[in-house]
Amino acid sequence: MLIAPYSESFNPPRRTLMGPGPSDVYPEVLAAQAKPTIGHLDPVFVAMMDELKALIQYAFQTTNAMTLAVSAPGSAGMETCFVNLVEPGEKVIVCRNGVFGERMRQNVERVGAIAVVVDNEWGEAVNVDAVATALAANPDAKFLAFVHAETSTGALSDAKALCALAKQHDCISIVDAVTSLGGVELRVDEWGIDAIYSGSQKCLSCVPGLSPVSFSPAAVEKMKARKTPVQSWFLDQTLVMGYWTGEASGKRSYHHTAPVNALYALHESLRLLSIEGLEHAWQRHADMHQVLRHGLEALGLKFVVTEADRLPQLNAVYIPDGIDDAKVRKQLLENYNLEIGAGLGALAGKAWRIGLMGYAARRENVALCLKALEEVLA
């Protein structure tokens, strides 16, 4: 007879999360997730979904009707945009300045489309002039895809200028805002962004597992004009929107069992963001970055990204010579319950990524991080 191997509940330690994500979750958000589960077609839950849609629109600064939360993390938000918009044989200008630009390229090729890659060095923002050259050289391109805030390096690109270029060349823009939403200025309608996706676990300080997305009227028209079916049934927005809006009949249609309690949590995190105010949240991240920056530089640490292109909420710093990357991060975790992130890709073993996202962007977190690093490095 088999015996159940574990008789005790899982009790995770209480960490301070200052890596590239997930971030510290607001206590109110954790409490919201613990509320009673109700049916995903319950009228009360449907009313909450309408509120959640309006809150996502506020965070993105958009009036787009097709705005919702994908029931999966930011990587699924990325795939949602590509599989719904891009068809086999179409050409996409893809900006690559880190890990997540490369993931965009892979998405393009997986749908059978053609990726024209504009490369920048890791740690640099996307070069607007290089993109303009690529668009001029490829007049048949249908899309421009780029990462607003590259999580692997901490570089912030000029989304407003890049989307203006896309419009000049009749291209639909696809924007990764996984790390930028709620942390830096982002204005979907004003900047003319067509398709955008984010994640719940970064500057929104919600539990991981949801991806806010939004599509402009032009992007919706592109979806409706598809000649081929969307490869993914689950991510097909023409089906999902029947659940989120009931746009055809006014009645919500069953698509999938929504992550009810996780959506409670996202509703609460976005409610908190709306109370603080977007511009105040952007400024708080900028202010806490400056405090962290001065402390890191006083420890002799150097930033990967130049100040002009630097994300306040994702701080990549070079590991000093002779310092054991894994050993430092292990000591921070074991002795201080503090998590910072390792480098990715070209920066693996060369840099640390220190997050100041959402609820984590607080003075007490910055003070803990600086003191812990000072002691461990000594």
Side-chain angles (χ1 to χ4, degrees), residues 60 62-72 74-96 100-118 131 134-147 162-177 188-189 191-198 211-250 252-256:
F60 276 135
T62 184
T63 58
N64 288 340
M66 189 174 277
T67 300
L68 65 147
V70 175
S71 300
S75 294
M78 176 189 298
E79 194 159 333
T80 295
C81 291
F82 283 99
V83 300
N84 279 274
L85 291 168
V86 184
E87 294 192 76
E90 291 184 324
K91 189 178 285 187
V92 184
I93 307 294
V94 179
C95 306
R96 182 172 60 184
F100 296 96
E102 166 59 15
R103 289 191 183 180
M104 282 184 152
R105 183 197 66 78
Q106 292 181 26
N107 270 266
V108 169
E109 295 192 347
R110 282 173 181 265
V111 301
I114 302 163
V116 177
V117 178
V118 178
V131 173
L135 286 165
N138 295 274
D140 55 339
K142 302 288 187 184
F143 302 91
L144 171 64
F146 65 91
V147 179
L162 290 167
C163 288
L165 270 179
K167 284 282 183 287
Q168 290 172 24
H169 291 268
D170 295 322
C171 283
I172 286 176
S173 53
I174 300 176
V175 179
D176 179 323
V188 168
D189 287 357
W191 295 353
I193 296 172
D194 289 307
I196 190 165
Y197 58 91
S198 188
S211 178
V213 299
S214 187
F215 297 92
S216 72
V220 173
E221 286 305 309
K222 179 67 173 70
M223 286 185 211
K224 291 180 177 178
R226 287 185 68 96
K227 299 180 178 63
T228 57
V230 174
Q231 297 95 321
S232 169
W233 179 90
F234 180 68
L235 298 177
D236 185 340
Q237 294 304 285
T238 60
L239 302 176
V240 175
M241 286 306 287
Y243 172 56
W244 270 88
T245 67
E247 61 179 9
S249 62
R252 307 292 173 121
S253 60
Y254 167 72
H255 180 263
H256 66 279

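Because only heavy atoms are used, hydrogens play no part in the values below, and waters and symmetry mates are left out as well, while side chains stay in.
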Quiz item: Would you call Tyr197 and Thr80 a side-chain contact if the rule is heavy atoms closer than 4.5 Å?
Solution: no
Self-check item: Heavy-atom side-chain contact between Cys171 and Ile93 under 4.5 Å
Solution: no
Self-check item: Min side-chain heavy-atom separation Lys222-Phe143 under 4.5 Å
Solution: yes
Quiz prompt | Side-chain touch Leu162/Ser173, heavy atoms, less than 4.5 angstrom | solution = no
Practice problem: Would you give the length of the straight line joining atom NE2 of His256 to atom CZ of Phe234, rounded to the nearest 0.5 angstrom? | Solution: 4.5 Å
Quiz prompt | From CA spacing to verdict: side chain to side chain contact (heavy atoms under 4.5 Å, CB included), Val175, Trp191 | solution = CA-CA 11 Å; Val175 179; Trp191 295 353; over 6 Å; no
Quiz item: Can any side-chain N or O of Lys167 pair as donor or acceptor with the backbone N or O of Gly192 at less than 3.5 Å?
Solution: yes
Practice problem: Could you tell me whether a side-chain N or O of Asn84 sits under 3.5 Å from a main-chain N or O of Leu235, the two making a donor and an acceptor? | Solution: yes
Practice problem: For residues Leu68 and Val240, determine if any side-chain heavy atom of one lies less than 4.5 Å from a side-chain heavy atom of the other. | Solution: yes
Exercise. Among residues two or more places apart or on two chains, list those pairs meeting side chain to side chain donor-acceptor pair (under 3.5 Å) that have a residue in residues 211-220.
Key: Asn64-Ser214, Thr67-Ser214, Asp194-Ser216
Quiz prompt | Between CE on residue Met78 and CD on residue Gln106, distance to nearest 0.5 Å | solution = 9.5 Å
Self-check item: Among Val131, Val94, Ile174, the one residue meeting side chain to side chain contact (heavy atoms under 4.5 Å, CB included) with Leu144
Solution: Val131
Exercise. Would you mind reporting whether Phe146 and Cys163 have side-chain heavy atoms less than 4.5 Å apart?
Key: yes
Practice problem: Check for a donor-acceptor pair, side chain of Lys91 on one end and backbone N or O of Asp140 on the other, with a separation under 3.5 Å. | Solution: no
Quiz item: Do the ring planes of His255 and Trp233 sit parallel (below 30°), tilted (30 to 60°) or perpendicular (above 60°)?
Solution: parallel
Quiz item: Any sub-3.5 Å donor-acceptor pair from Ser198's side-chain atoms to Ala177's backbone N or O?
Solution: yes
Practice problem: Check whether any side-chain heavy atom of Glu79 sits under 4.5 Å from a side-chain heavy atom of Asn107, and report yes or no. | Solution: yes
Quiz item: So do the side chains of Met66 and Met223 get within less than 4.5 Å of each other, counting heavy atoms only?
Solution: yes
